[in-house]
Amino acid sequence: MRRLGILISGRGSNFEAIAANIAGGRLEAEIAVVISNRADAPGLEVARSRGLTAVCIPSKGLDRLEYDRLLIGELQKHDVELVCLAGFMRLLSAQFIRAFPNRILNIHPSLLPAFPGLDAQHQALAHGVKLAGCTVHFVDEDLDAGPIVMQASVPVEDGDTEETLCARILQQEHRIYSEAIARVLSGQYTIAGRRVLFT
Ligand code: GAR
């Protein structure tokens with residue numbers, strides 16, 4: 001299981017970190033395709049400049065099922081074995097999840113189950129937590145809810161703004177996403193209920 005399909009909606013810094021780790025020989029995998037739902041996603045250009053296949057599938061005028069059917073088709077066309085959501089800001093249908101059972105990962109900028117959904121870092125600051133962080137998890141049919149593969153925590157400083165907290169969390173995102181992908185690609189794990197156990 002080595003061919004990755006990466007789904008983005010914007011900047012694509014997590015995708016870039018994964019690509020850099022692959023190029024640097026630190027992650028044994030291949031990026032088969034990068035797909036964005038937004039034509040203006042800066043990550044698409046980054047992918048092309050790295051010589052990767054980058055595709056935009058706009059969602060305008062399509063319902064979720066029609067859209068997800070296109071996504072599944074594109075990923076299958078490129079023989080993708082593991083789908084990595086990297087700032088992909090769309091909910092996926094049950095049909096999509098079933099097409100890649102336990103083969104979809106997501107990164108979320110909070111210590112789940114705290115602060116699912118949008119603006120997780122804003123939610124963390126507003127709640128006054130002292131520790132924030134990020135989570136890589138398998139994607140199931142519920143939002144930000146599947147079994148957790150890895151987490152990393154960072155302190156929240158008194159002087160933090162959303163910007164400084166986002167940057168501190170992002171540094172950890174870039175580190176743990178590749179590590180989580182490597183662990184999943186190794187196949188050396190079992191999923192027991194909600195727990196991902198590494199063997
Ligand atoms: C990242 O912080 C990622 O964790 C978050 O979007 C950002 C994308 O940045 N994802 C979510 O909030 C998903 N619910 P990037 O495009 O630079 O990787």
Side-chain angles (χ1 to χ4, degrees), residues 4-23 27 29 31 33-50 52 54-57 59 64 67-68 71 82-93 96-97 100 104-127 129 131-156 160-181 184:
L4 309 181
I6 302 201
L7 305 191
I8 63 170
S9 295
R11 180 178 54 183
S13 73
N14 274 288
F15 145 64
E16 232 185 319
I18 294 164
N21 280 329
I22 293 174
L27 173 61
I31 296 176
V33 64
V34 178
I35 304 174
S36 170
N37 61 317
R38 300 182 51 122
D40 59 357
L44 279 176
E45 264 321 299
V46 174
R48 292 189 184 114
S49 69
R50 284 183 168 271
L52 297 169
V55 180
C56 173
I57 306 181
S59 51
R64 193 172 303 286
Y67 185 78
D68 283 7
L71 265 187
L82 183 65
V83 179
C84 301
L85 311 184
F88 186 64
M89 296 309 203
R90 276 182 66 86
L91 290 174
L92 293 165
S93 61
F96 186 95
I97 310 294
F100 298 95
I104 311 167
L105 293 177
N106 180 43
I107 187 147
H108 183 75
S110 77
L111 293 173
L112 290 171
F115 315 129
L118 292 176
D119 300 325
Q121 304 93 330
H122 173 83
Q123 293 185 56
L125 273 182
H127 199 88
V129 294
L131 280 177
C134 50
T135 303
V136 178
H137 63 95
F138 285 105
V139 174
D140 65 13
E141 292 177 23
D142 298 315
L143 177 69
D144 297 329
I148 290 171
V149 181
M150 278 188 79
Q151 291 186 304
S153 63
V154 301
V156 179
D160 267 337
T161 60
E162 242 177 85
E163 204 177 29
T164 57
L165 182 60
C166 281
R168 193 174 308 122
I169 295 172
L170 197 61
Q171 249 185 353
Q172 296 303 314
E173 294 187 41
H174 293 169
R175 183 177 67 79
I176 69 166
Y177 209 173
S178 290
E179 207 175 317
I181 291 169
V184 169

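Everything quoted here is computed from the prediction, not taken from an experiment. We count ligands from 1, going down the list as the structure has it; atoms in each ligand are counted the same way.
- Using a 4.0 Å cut-off to heavy atoms of N14, the atoms of ligand 1 that qualify are 1 (C), 15 (P), 17 (O), 18 (O).
- At distances below 3.5 Å, not a single donor-acceptor pair connects side-chain atoms of S36 with backbone N or O atoms of C56.
- Residue G117 places no N or O, backbone or side chain, under 3.5 Å from any N or O of ligand 1.
- Rounded to the nearest 0.5 Å, atoms CG (D68) and OG (S59) are 10.0 Å apart.
- Residue P109 comes nearest to E173 through the heavy atom pair CB-OE2, 3.5 Å, listed as atom of the first residue, atom of the second, then distance.
- In R38, the CZ atom is not crowded: 12 or fewer heavy atoms of neighbouring residues, nucleotides or ligands sit closer than 6.0 Å.
- Side-chain N or O atoms of Q123 include one that pairs as donor or acceptor with a backbone N or O of L118 at under 3.5 Å.
- For ligand 1, the atoms closer than 4.0 angstrom to any heavy atom of S13 are 15 (P), 16 (O), 17 (O), 18 (O).
- Comparing N106, I107, L118 by heavy-atom distance to atom 10 (N) of ligand 1, the nearest is I107.
- The nearest heavy-atom contact from the protein to atom 14 (N) of ligand 1 is H108 ND1, 3.2 Å.
- Close to ligand 1: M89, with a non-hydrogen atom less than 4.0 angstrom away.
- Of the protein's non-hydrogen atoms, R11 NH2, 3.1 Å is the one closest to atom 9 (O) of ligand 1.
- Looking at atom 8 (C) of ligand 1, its nearest protein heavy atom turns out to be G87 CA, 3.6 Å.
- Residue contact check for ligand 1: G12 places a non-hydrogen atom closer than 4.0 Å to it.
- Formation of a donor-acceptor pair under 3.5 Å by the T161 side chain with backbone atoms of T164 is found in this model.
- Residues passing the ring pair (Phe, Tyr, Trp, His ring centres under 6.0 Å) test with H127, sequence neighbours excluded: F115.
- Where the criterion is an N or O separation shorter than 3.5 Å, residue side chain and backbone included, E173 meets it with respect to ligand 1.
- For the side chain to side chain contact (heavy atoms under 4.5 Å, CB included) test with I107, the passing option among V136, V149, I18 is V136; the others fail.
- If you check which protein heavy atom lies closest to atom 5 (C) of ligand 1, you get P109 CD, 3.8 Å.
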